[in-house]
Structures are given as C-alpha cells and as structure tokens.
Amino acid sequence: MRVTTRQIAQMKRRSERIVMVTAYDALSAGAAERAGIPMVLVGDSLGQVVLGYDSTVPVSMDGMVAHTAAVTRCAPSPLIVADLPFLSYQVSEELALSNAARLLQEGGAQAVKLEGGVPVAPTVKRLTDSGVAVMGHVGFTPQSVHQLGGYRVQGRGENAAARLLEDALALQEAGAFAVVLELMPSEVAATVTERLSVPTIGIGAGPDCDGQVQVFHDLLGLLPDFRPKHAGRYGDLAGVIDEALSRYADDVRGNRFPTDAESISISTDQK
Ligand code: KIV
C-alpha cells in the first residue's frame with residue numbers, strides 16, 4: 001500500500017520526522033523504495049543532475065511525465081510528488097490543471113509540487129478544489145533563479161521573513177498538504193513550521209522543519225564537481241563509479257576482460 005497525504009499529515013501531528021528524497025529513474029526510485037522512504041519527489045532538479053542543464057528552467061512537461069512514470073513504476077510504496085516545471089502552471093489555471101492531470105494520469109504521481117507563495121495561491125486552490133494533492137515550495141524557488149539573481153538564501157530580515165510566512169500561510173489556506181522550505185534562515189523555517197498545521201519539508205532551512213528533503217545525487221556524492229552547502233553527504237559514489245569504470249576500461253584494453261569463465265557464466269545466465 002502506498003503512503004498517503006493523510007499519513008504524511010499524521011506524521012506532523014505525532015511529531016514524527018518526515019523523510020523525503022528525490023528520484024528520477026529506476027535506479028534512484030528502487031533505492032528509495034528499498035530504504036523505506038515514505039515520500040519521494042520527482043524533482044525538476046533532474047534538469048541539472050540528470051540532463052546536465054545549469055538550472056531547472058529548461059525542464060519540459062514531457063520530460064517530467066516520463067521520469068515520473070519511471071519512478072512510480074519502480075517505487076510502489078512511497079507517496080510520489082512530481083514537480084510541475086517552469087511556466088507549466090503560471091500561464092493559466094486551466095493549463096495548470098491539465099498539466100497536473102498529466103503527472104497524475106500519465107505519470108502515476110499522487111501529488112504535484114509547484115513553486116511560489118501568495119501569487120500562486122489561487123492556482124493551488126483551483127487544483128486542490130479539483131481533487132489534486134498539492135505541495136507548495138517557498139523560500140528559494142529554483143525556477144525563478146534568474147529573477148532572484150542566483151542561488152541565494154531568502155527570508156533574511158524582518159520584512160522578508162514576514163513575507164515568507166505570509167506565502168506559506170496562503171498555500172496552506174489554498175489547500176496545500178505540505179510546503180517545502182528551501183534556503184532560509186533556521187529561525188524563519190522554525191517559525192513557519194510552528195505556525196503551519198501542515199508539514200514543512202526543509203532543504204537548507206535548518207533542523208526545525210517537520211521533515212527534510214535532499215537531492216539523491218547530492219546525498220550520495222554522485223556528482224564530484226557539484227556539492228551545494230546544504231547537501232548531506234552519505235556516500236561518495238562518484239569515486240566508486242570512476243574507479244570501477246577505469247578498471248573495466250583497463251581490463252578490456254589489456255585483454256583481461258572478458259575471461260573465458262565470465263563469457264560462459266553470462267551466456268548460461270541468459271538461457
Ligand atoms: O526539484 C527539486 O529537487 C526540488 C527540491 C530541491 C525540493 O524542488
């Protein structure tokens with residue numbers, strides 16, 4: 001049975017910390033499933049960590065649908081939240097609704113996430129009124145990186161912190177079942193978490209959120225040249241992969257792979 005938004009809400013009420021990780025494909029979804037992670041985000045961060053762009057801006061609806069379908073196929077237990085990509089929900093509420101439908105109906109996600117506060121609250125309301133589960137996302141909103149002038153902490157200073165709280169409250173009021181708090185001072189995230197009855201999921205927002213989300217590739221050290229400050233490091237897999245591939249290349253060049261024994265075991269396994 002899949003985890004539900006109701007169960008995620010209950011976790012906040014029980015003060016149970018909520019774990020979330022991104023996944024984009026069979027490998028990452030299978031790993032999240034095996035680790036028993038209750039909520040998985042098919043993030044548009046795939047633009048950077050999977051597709052090699054320098055932001056999430058170029059990510060398309062078709063791309064999100066394909067990656068979401070891969071994740072829902074390979075992770076049958078967690079609640080799957082899929083990102084609505086840049087400009088797929090700002091043009092009109094109708095477009096937001098039909099794009100959310102694609103992520104739920106073609107991709108198999110249980111919820112969608114979109115970025116922004118007060119200005120997108122009417123769209124969140126339209127979606128939730130139509131039966132779509134929505135996760136909000138405030139603070140640093142990566143799709144607006146060019147407008148925000150880079151990857152910068154948000155909510156610094158009294159006015160900015162108050163605006164951030166107002167944004168989060170507007171999303172809750174519009175029916176969001178949870179809100180991501182990205183790149184903001186810990187005290188601001190703590191206040192928002194205290195004021196909201198729905199769970200907050202932090203990334204670069206300190207320890208006092210109801211849960212934490214991390215990008216799969218950051219967590220596992222899969223990209224050696226990219227390491228955001230807020231990324232937890234629970235592995236250094238780039239090193240392991242590089243070493244294995246170099247050994248393979250050396251063995252092929254040195255005529256040490258395949259050996260007779262390996263050729264035989266492969267052809268036997270395939271029978
Ligand atoms: O796309 C993503 O991975 C995200 C997280 C950073 C929250 O939105």
Side-chain angles (χ1 to χ4, degrees), residues 8 18-25 28-29 31-32 37-61 63-68 70-71 75 78-90 99-100 103 107 109 111-117 120 124 133-145 148 150-155 164 167-168 171 176-184 189 192-193 198-206 209-220 222-223 226-232:
I8 299 296
I18 302 163
V19 187
M20 189 177 199
V21 70
T22 65
Y24 313 102
D25 53 15
S28 48
I37 291 178
M39 189 156 61
V40 164
L41 173 66
V42 188
D44 59 357
S45 50
L46 70 85
Q48 286 138 303
V49 299
V50 177
L51 301 178
Y53 293 118
D54 64 359
S55 77
T56 59
V57 171
V59 174
S60 69
M61 252 331 284
M64 284 308 304
V65 170
H67 284 278
T68 301
V71 171
L79 180 80
I80 310 288
V81 182
D83 263 335
L84 280 164
F86 186 50
L87 295 184
S88 69
Y89 54 93
Q90 296 92 335
N99 282 329
L103 293 174
V112 301
K113 177 166 79 60
L114 52 77
E115 296 181 5
V120 296
V124 172
V134 178
M135 176 177 271
H137 183 156
V138 298
F140 177 71
T141 45
Q143 293 173 5
S144 311
V145 60
L148 295 172
Y151 293 83
R152 306 156 71 95
V153 172
Q154 304 295 304
L164 230 153
D167 282 335
L171 294 170
F177 77 94
V179 180
V180 167
L181 307 182
E182 180 164 359
L183 280 192
M184 66 183 66
V192 174
T193 300
V198 300
T200 61
I201 310 292
I203 175 164
C209 303
D210 297 304
Q212 297 289 327
V213 58
Q214 286 279 300
V215 169
F216 185 85
H217 294 58
D218 297 344
L219 210 53
L220 298 177
L222 279 164
L223 300 171
F226 184 69
R227 187 182 180 181
K229 265 204 225 131
H230 57 264

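We count ligands from 1, going down the list as the structure has it; atoms in each ligand are counted the same way. Computed from heavy atoms alone, side chains included, the values below leave out hydrogens, waters and symmetry copies.
- Between Gly43 and Tyr24, the closest heavy-atom pair is O-CE2, 3.4 Å.
- Tyr89 pairs by the side-chain hydrogen bond (donor to acceptor under 3.5 Å, both in side chains) definition with Gln143, not counting sequence neighbours.
- To the nearest 0.5 Å, atoms CD (Glu182) and SG (Cys209) are separated by 11.0 Å.
- Applying the ring pair (Phe, Tyr, Trp, His ring centres under 6.0 Å) test to Phe140 and every residue at least two apart in sequence or in another chain returns Tyr151.
- In this structure the side chain of Ile203 reaches within 4.5 angstrom of the side chain of Gln214, judged on heavy atoms.
- Taking the side-chain hydrogen bond (donor to acceptor under 3.5 Å, both in side chains) definition, one finds that Gln212 meets it with nothing, sequence neighbours left out.
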Please tabulate, line by line, the atom pairs linking an N/O of ligand 1 to a protein N/O at a distance below 3.5 Å, with the distance in Å to 0.1, or answer 'none'.
unit_1: ligand 1; atom_1: 1 (O); unit_2: Asp44; atom_2: N; d: 3.2
unit_1: ligand 1; atom_1: 1 (O); unit_2: Asp44; atom_2: OD1; d: 3.1
unit_1: ligand 1; atom_1: 1 (O); unit_2: Ser45; atom_2: N; d: 3.0
unit_1: ligand 1; atom_1: 1 (O); unit_2: Ser45; atom_2: OG; d: 3.3
unit_1: ligand 1; atom_1: 1 (O); unit_2: Asp83; atom_2: OD2; d: 3.1
unit_1: ligand 1; atom_1: 3 (O); unit_2: Ser45; atom_2: OG; d: 2.6
unit_1: ligand 1; atom_1: 8 (O); unit_2: Lys113; atom_2: NZ; d: 2.8

